[in-house]
There are 2 protein chains.
Amino acid sequence: MRPFKRKSDCPIHFAIERFGDAWTLLIIRDLMFFGRSTYGEFLYAGEGIATNILADRLERLEVGGIVSKGPDPERPSRSRYALTQQGIDLLPIMLDMIAWSGEYDPGTAVPPQFVERLKTDRVAVEAEIRERLVSSGQFLIAPDAP
Amino acid sequence: MRPFKRKSDCPIHFAIERFGDAWTLLIIRDLMFFGRSTYGEFLYAGEGIATNILADRLERLEVGGIVSKGPDPERPSRSRYALTQQGIDLLPIMLDMIAWSGEYDPGTAVPPQFVERLKTDRVAVEAEIRERLVSSGQFLIAPDAP
DNA sequence: CTGTATCCTTAGGGATACTG
DNA sequence: CAGTATCCCTAAGGATACAG
């Protein structure tokens with residue numbers, strides 16, 4: 001696995017090391033907004049991530065405490081990944097990024113209504129999604145509270 | 001300059017392309033929180049960016065509309081960089097990242113009081129910094145409003 | 001299907017020298 | 001001081017094959 005580096009104790013730098021990588025952010029997006037949670041679902045998500053990269057990023061996310069991994073209750077041979085509390089706490093950042101791109105990317109895929117709702121009703125939108133993420137906890141294999 | 005790529009019209013992917021790079025985020029941090037605005041100030045900021053990388057990232061930021069560039073009024077031979085409106089709008093993302101790292105990085109440099117204030121008084125903190133950024137507009141060479 | 005392992009190419013980026 | 005230009009090397013990551 002590509003190791004974590006600590007060039008400084010700057011919080012921005014820490015965040016970058018933990019999740020500030022293109023593929024990593026796309027995986028978090030898949031977990032957070034598209035309900036994807038298996039290797040295959042990430043693999044065929046559209047941007048075309050390579051298997052070695054996917055494995056590397058999943059491991060990094062797990063080691064970093066953002067994602068937990070465990071056997072699928074229904075099919076134990078298959079693994080399922082889920083956001084931990086720490087991962088769910090990335091929601092504000094993701095929503096900010098969506099809002100920003102919704103504002104400045106002419107070709108964005110974000111529906112105008114959602115961009116609008118994000119501006120006028122941000123708190124509710126966030127609470128709503130957070131609630132959904134928390135309550136889908138059946139896949140939260142390794143909860144943060146020990 | 002390393003070109004912008006568009007693999008998908010996903011807003012997360014757009015954000016990554018625009019500013020989701022380690023060095024880029026550190027430059028934005030310097031502009032936003034440390035009042036750094038010249039080549040030399042970025043260069044000696046601590047993490048040790050190389051000159052070619054710095055030049056590349058500054059150009060990308062400028063082309064992407066996040067940063068504007070212009071001669072220093074006091075020393076026209078020197079350039080000054082400043083956040084545009086689009087750049088200032090990255091403030092929420094940066095604050096979220098700081099808050100998240102403040103929460104989860106045991107060795108963070110963020111003072112505990114600031115982490116706390118970010119939690120209890122987020123709106124005010126953001127408004128305050130935004131105000132400061134906007135009013136330091138003497139360096140806003142190319143304002144967004146034409 | 002869920003990964004590991006290997007190969008191989010390219011591009012990111014450090015070091016350094018050079019220019020206006 | 002504010003960059004530009006080159007060199008060179010490492011590592012990120014695409015393609016593919018293979019294994020449990």
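As the structure is a prediction and not an experimental result, all values here were calculated from the model. Reminder, nothing fancy here: chain letters follow the sequence lines and each chain counts from 1.
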Aromatic ring pairing F14(A)/W100(B), orientation class (parallel under 30°, perpendicular over 60°, tilted between): tilted
Distance below 4.0 Å between R57(B) side-chain N/O and dG13(C) OP1 or OP2: yes
Nucleotide dA5(C), atom P - distance to CG of L54(A) in whole Å: 15 Å
Whole angstrom value for the distance that separates P of dT2(C) from CD1 of I53(A): 18 Å
Rounded distance in Å - CD1 (I49(B)) to C1' (dA15(C)): 14 Å
Rounded distance [0.5 Å steps], CD in E131(A) versus OG in S136(A): 9.5 Å
E59(A) CD - dA5(C) P separation (whole Å): 11 Å
Nucleotide range of DNA chain D lying under 4.0 Å from chain B heavy atoms: dC1(D) to dT6(D)
Whole-Å gap separating C1' (dG3(C)) and CD (E41(A)): 15 Å
Note, L90(B) side chain near M32(B) side chain (heavy atom, < 4.5 Å): yes
From dG12(C), dG13(C), dT4(C), nucleotide with atom closest to A55(A) side chain: dT4(C)
Nearest heavy atoms of F114(B) and I98(B), plus distance in Å: CE2-CG2, 4.2 Å
Exam field: side chain E62(B) to backbone V67(B), donor-acceptor pair closer than 3.5 Å: no
Donor-acceptor side-chain pairing of S37(A) and R80(A) below 3.5 angstrom: yes
Spacing of W23(B) atom CH2 relative to dG12(C) atom C1', expressed in whole Å: 12 Å
Touch class at under 4.0 angstrom, heavy-atom based, for T51(A) against every strand present: base
Gap between atoms CZ and P, on R2(B) and dG13(C) respectively (whole Å): 7 Å
N/O (side chain, Y81(A)) to phosphate O (OP1/OP2, dG3(C)) under 4.0 Å: yes
Length of the CG-P vector between D56(B) and dG14(C), whole Å: 12 Å
Sugar-phosphate only, base, or nothing, as touched by N52(B) at under 4.0 Å among non-hydrogen atoms: base
Phosphate contact (dG3(C) OP1 or OP2) by K69(A) side-chain N/O below 4.0 Å: yes
For T24(B) against R18(B), the heavy-atom pair lying closest together: CG2-O, 4.3 Å
Closest-nucleotide 5' rank along DNA chain C - winner of T38(A) and K5(B): T38(A)
